[in-house]
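The structure under discussion appears below in the form of structure tokens.
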Amino acid sequence: MAVQRVNITLEPELFEEFKKYAYKKGITISPFVQAKIKEFIEE
């Protein structure tokens, strides 16, 4: 599978909140965004 890099714009506070919870669980933003995109497409 080829990887395409894209930039996303997030509110700094929102990203900090994400990091606070996600990094404790070993989740990084790329796999999280990919999973959410797949969920969105399947709806």
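Side chains included, hydrogens not; waters and symmetry mates left out as well; all remaining heavy atoms used. Residue numbers start at 1 and run along the sequence shown.
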Sequence neighbours excluded, the answer for ring-ring contact (aromatic ring centres under 6.0 Å, His included) partners of Phe18 is Phe32
Residues at least two apart in sequence or cross-chain that pass salt bridge (charged side-chain N to carboxylate O under 4.0 Å, His left out) with Glu16, listed by chain then number, are Lys19
Side chain to side chain contact (heavy atoms under 4.5 Å, CB included) filter on Ile37, not counting sequence neighbours, yields Val33, Ile41
The salt bridge (charged side-chain N to carboxylate O under 4.0 Å, His left out) partners of Lys24 (sequence neighbours excluded) come to none
Sorted by chain and residue number, the side-chain hydrogen bond (donor to acceptor under 3.5 Å, both in side chains) partners of Glu11 (sequence neighbours excluded) come out as none
dist Glu42:CD -> Lys38:NZ (nearest 0.5 Å) comes out at 8.5 Å
Given side chains that start at C-beta, do those of Ile8 and Leu10 come closer than 4.5 Å, heavy atoms only?
yes
On a heavy-atom basis, the closest approach of Tyr23 and Thr28 is CE1-CA, 4.2 Å
Verify side-chain contact (heavy atoms from CB on, under 4.5 Å) between Tyr21 and Ile27, making sure each step is shown before the conclusion. CA-CA 9 Å; Tyr21 296 104; Ile27 299 170; over 6 Å; no
Lys36 meets the salt bridge (charged side-chain N to carboxylate O under 4.0 Å, His left out) criterion, sequence neighbours left out, with Glu39
Residues passing the salt bridge (charged side-chain N to carboxylate O under 4.0 Å, His left out) test with Glu13, sequence neighbours excluded, are none
